[in-house]
Visitor: 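Below: one structure in structure tokens.
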Amino acid sequence: MANIPIYNPSEIEPRWQKRWEKDGLYNSDIDPSRPKFYALTMLPYPSGDLHIGHWYAMTPSDARARFKRMRGYNVLFPIGFDAFGLPAENAAIKNRTHPKVWTYRNIDKMRKQLRSMGAMFDWRREAVSADPEYYRWTEWFFIQLFNHNLAYRKMSPVDWCPHCNTTLAREQVWGDDRHCERCGTPVIKKNLEQWFFRTTNYAEELLHYDTIDWPERVRVLQTNWIGKSEGASVVFHTEQGDPLEVFTTRPDTLWGVTFMVLAPEHPLVQKITSPQQAAAVNAYVKQTLRQSDLQRESADKDKTGVFTGGFAINPVNGERIPVWIADYVLLTYGTGAIMAVPAHDQRDFEFARKFDLPVRVVIQPEGQEPVKEEDMTAAVPAMGTMVNSGPLTGTLGDQSFDKAVEYVERIGVGKRAVNYKLRDWLISRQRYWGAPIPMVYCKECGWNPVPEDQLPVLLPDDVEWKPTGESPLKLHPTWRFTTCPNCGGPAERETDTMDTFMCSSWYHLRYLSPKYDQGPFDPKEYDYWMPVDIYTGGIEHANMHLIYTRFFHKALRDMGITRGPEPMLQLRNQGMVLGEDSEKMSKSRGNTVAPDDLVKSFGADAVRAYLMFFARWDQGAPWNSSGIDGTVRWLRRSWSAIVEPADGGSAGEAVIRSLRRKVHQTLKAVTRDFEQFEFNTIVSGLMELMNEMLKAKQQGAWGTSAWNEAVEIYLHMLAPVSPHISEELWAYLGKPYSIHTRPWPVVDEDAASVEQITLVVQVNGKVRDRIMVPVDISEADARATALVSDAVQRNLAGRSPKQVIYVPGRLVNIVG
RNA sequence: GCCGGAGUGGCGGAAUAGGCAGACGCGCACGACUCAAAAUCGUGUACCUUCGGGUAUGUGGGUUCGAUUCCCACCUUCGGCACCA
């Protein structure tokens with residue numbers, strides 16, 4: 001037995017990885033003769049360590065890409081690095097290493113780790129967002145957005161960490177107390193002039209998902225995030241004559257307005273405030289500014305506010321109503337001013353009761369006791385018949401909204417309006433390690449883009465990246481000084497850099513041609529590969545990256561750069577691998593699992609298979625360190641089943657028949673599961689088949705043509721899951737390299753079919769007997785067979801059947 | 001508070017279109033091999049039982065010959081949003 005090899009993953013895995021790479025086995029090139037399939041997995045941030053979450057996301061994505069390739073598609077499965085971002089700068093400050101050095105060192109390490117997965121990445125297409133030939137085009141896109149009026153600059157409050165002395169991206173503000181991810185200090189707001197993208201231009205289109213197959217969860221998250229409200233905008237006037245516009249979703253309650261409330265920061269506050277109220281108003285405004293967002297936006301907080309001393313006129317009935325300010329009205333939503341209808345809005349009701357303001361009922365919900373102001377303990381928000389509403393009094397609930405809108409439009413004081421919670425995307429970052437914003441400010445000509453032939457605006461290497469609160473680029477002695485592209489006079493560069501989500505909004509396009517220098521991507525590659533057919537990654541990006549990249553694609557489409565309504569046709573999200581203690585994995589908790597160690601102990605093939613097997617992919621589960629043993633055992637059993645000879649040829653027809661049946665039934669199920677992202681049952685199906693194969697081997701099937709067929713099909717199905725062991729065994733059998741370029745096997749329906757079925761016999765819905773019958777048994781025979789069963793007779797106890805239900809191929813249910 | 005997902009053995013999970021609940025694996029128990037252990041292999045493994053059967057898929061109802069699956073109400077849990085006018 002000395003010539004029988006033993007399974008040694010640490011020897012075979014690196015060997016095949018080298019061979020595949022040398023042969024360019026996973027290179028994907030344009031091939032019009034085959035249908036294309038662009039499989040994209042979210043690109044990692046080069047933190048320096050490929051953790052188990054990366055493996056969990058990428059391994060099934062890779063297996064499915066491999067499956068699609070065997071199904072005849074020309075598959076593109078690229079990889080790259082989202083290489084700009086704050087952690088590199090934080091590490092730089094801590095370790096006195098340049099962010100560039102830190103980032104590229106990490107990328108080198110992660111490339112090695114990614115290669116150890118044995119994934120079919122086409123490394124020729126790798127893109128790194130911090131490479132100048134990449135961010136040249138990130139800058140170029142900024143200029144296109146600017147030229148199409150989709151990028152603009154305005155003063156805006158942003159999250160600021162007072163300890164790190166820097167602004168933070170929204171995703172770096174954590175928890176209910178809105179603290180800085182790095183140091184734990186609660187953030188404050190700071191006013192800065194910033195660049196924005198007009199994502200809100202696309203708010204409506206972003207709500208439509210009819211051309212894409214995305215998970216309901218993501219669609220719901222995005223829909224809530226975009227937050228569409230339909231209503232009316234109505235213009236009131238102050239007594240001084242200034243227009244005061246409000247947005248309302250309840251135009252039918254206009255006659256119930258008893259006061260108005262402005263956000264404390266509203267521009268009309270100073271003007272409308274009477275001299276007597278000035279001191280109180282100023283004190284309240286100051287107090288509001290001092291509060292954190294958390295204090296201010298807490299919904300269960302008692303209402304606070306101050307009367308301005310000013311009044312406004314209700315345009316539908318001419319009533320004079322007091323104007324207050326209160327922090328429950330936000331400047332950033334709608335117009336920053338509301339019409340208050342305490343009878344029909346709970347927030348207004350609470351405010352009215354606290355400050356003793358009038359409450360007037362103008363809606364009577366149908367089929368209920370009439371609502372009376374004096375009995376009310378809460379607002380009545382339901383729709384209903386309009387009362388006390390001038391010309392619209394008596395309008396029924398189902399018409400009240402439309403009639404009210406028509407009315408304000410007719411008398412010229414308002415119109416139908418839609419509001420979204422979505423805000424324009426703030427992309428300025430006061431950081432060094434990001435793509436420079438390619439804009440120049442000239443005192444004479446204002447802001448102008450850097451001419452495209454001067455791109456990229458390179459990041460200077462010689463900077464101090466101390467956390468001073470200013471962009472390090474601003475402190476560079478020379479970098480910021482330049483000449484105006486318009487008049488040639490002295491000018492200054494924008495020293496803020498771009499949000500890294502800008503880089504990741506278009507990386508799927510750079511993969512197409514990462515070296516291309518005539519544009520962001522080669523149109524020939526775009527025409528062949530785009531759109532992305534399947535996108536896999538974490539759901540935590542639902543309201544950030546996955547909205548940004550859709551916005552980006554649509555904006556570029558309107559400029560004629562991209563085509564089609566959406567960039568990614570299908571999206572699937574993996575769940576999260578938790579620590580063995582069922583808590584989120586974190587270094588501080590000490591519950592992390594290192595994939596490098598697992599690969600060392602068990603091999604990449606076992607880690608891949610286990611990650612696909614141990615949980616439903618879309619749900620994730622806590623890690624179980626002993627669970628992987630079962631997967632390892634199964635791979636070893638597979639190995640020895642195939643390489644260890646046995647006494648063969650003596651298997652009877654029944655053994656052969658049932659082996660072939662199992663093989664082709666499994667092939668059918670595995671094929672379906674790959675299509676449907678049900679990875680755990682792929683592995684369990686292969687385990688079941690291996691158990692059957694071992695039984696058949698014991699029964700003398702070894703060496704028969706059915707056995708050889710079983711082994712071949714088994715290895716084809718195993719290849720996407722565990723690519724190294726299947727390639728090794730394929731070669732061991734003397735088959736031509738490589739199994740990964742082979743076509744997916746075809747199901748032999750005859751072999752998969754059954755001659756005998758188990759007929760389940762129920763009495764009153766309870767299983768009483770199971771009888772083997774021919775698959776093509778007639779209904780009459782099935783009924784007769786069931787009725788004569790001893791168990792049936794016993795359970796009927798002499799009663800005669802009232803009804804007999806027959807489900808062909810499954811069961812007979814006797815109702816007695 | 002609003003929106004969404006999920007509740008099945010000791011654990012992860014399976015059950016294609018309403019039809020055999022618990023596949024596959026972990027763990028556990030026993031056995032074989034071994035001086036012994038590990039590894040490996042084999043057998044068993046929801047609960048109760050008077051051995052006929054009975055009870056079980058978060059809880060309570062409903063539809064149905066039949067419900068883990070469909071409907072209603074509720075509970076628990078995870079995630080998101082949250083004074084959005």
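Residue numbering restarts at 1 for every chain, and letters A, B, ... go by the order of the sequence lines. Note that the structure is a prediction, hence the values are computed from the model and not measured.
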Visitor: Out of B:C83, B:G25, B:C81, which has the shortest distance to the side chain of A:Asn691?
Guide: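 Between B:C83, B:G25, B:C81, the one nearest the side chain of A:Asn691 would be B:G25.
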
Visitor: Partner of B:C26 by Watson-Crick or G-U wobble geometry, both contacts under 3.5 Å, or none?
Guide: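 With both distances under 3.5 Å, B:C26 matches B:G10.
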
Visitor: Step through it carefully: locate the ring centre of A:Tyr328, locate the ring centre of A:Phe351, and say whether they are under 6.0 Å apart.
Guide: yes

Visitor: For the side chain of A:Val767, counting heavy atoms from C-beta on, which of B:G66, B:C81, B:C20 is nearest?
Guide: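 Minimum distance to the A:Val767 side chain belongs to B:C20.
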
Visitor: Are the aromatic rings of A:Phe614 and A:Trp623 close, with centres under 6.0 Å apart?
Guide: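 Here the rings of A:Trp623 and A:Phe614 have centres that are less than 6.0 Å from each other.
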
Visitor: Side chain of A:Val807 only, please: which of B:C20, B:G27, B:G19 is the nearest?
Guide: B:G19

Visitor: Of all the nucleotides listed (B:A23, B:U16, B:C65), which has the minimum atom distance to the side chain of A:Arg672?
Guide: B:U16

Visitor: Scan every strand shown for a Watson-Crick or G-U wobble partner of B:U77, both distances under 3.5 Å, and answer none if you come up empty.
Guide: B:G5

Visitor: What is the base-pairing partner of B:C70, counting Watson-Crick and G-U wobble geometry with both distances under 3.5 Å?
Guide: B:G62

Visitor: Side chain of A:Thr681 only, heavy atoms from C-beta on: which candidate in B:C26, B:C3, B:A15 is closest?
Guide: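 Looking only at side-chain atoms, A:Thr681 lies closest to B:A15.
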
Visitor: Give the nucleotide from the list B:G80, B:G52, B:A23 with an atom nearest to the side chain of A:Arg794.
Guide: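 Of B:G80, B:G52, B:A23, B:G52 is nearest to the side chain of A:Arg794.
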
Visitor: Any donor-acceptor pair, under 3.5 Å, between the side chain of A:Gln762 and the base of B:G19, if you only look at N and O atoms?
Guide: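 For A:Gln762, whose side chain was compared with the base of B:G19, there is a donor-acceptor pair (under 3.5 Å).
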
Visitor: Between A:Glu230 and A:Arg416, is there a side-chain N and carboxylate O pair less than 4.0 Å apart?
Guide: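 No, this pair does not count.
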
Visitor: Kindly point out which of B:G13, B:C3, B:C26 is positioned nearest to the side chain of A:Asn680?
Guide: B:G13

Visitor: Rounded to whole angstrom, note down the P distance from B:A6 over to B:G13.
Guide: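 That atom pair is separated by 13 Å.
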
Visitor: When you get a sec, tell me which of B:G19, B:C83, B:G25 is the closest nucleotide to the side chain of A:Arg637?
Guide: B:G25

Visitor: So, are A:Lys695 and A:Glu692 salt-bridged, with charged N and O less than 4.0 Å apart?
Guide: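 Answer for the salt bridge query: yes.
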
Visitor: Just compare B:G25, B:A85, B:G53 and give me whichever is closest to any side-chain atom of A:Phe613.
Guide: B:G25

Visitor: Examine distances only and state if a side-chain atom of A:Thr59 and a backbone atom of A:Tyr56 form a donor-acceptor pair shorter than 3.5 Å.
Guide: no

Visitor: Nearest to the side chain of A:Arg633 - B:C26, B:C65, B:G12?
Guide: B:C26

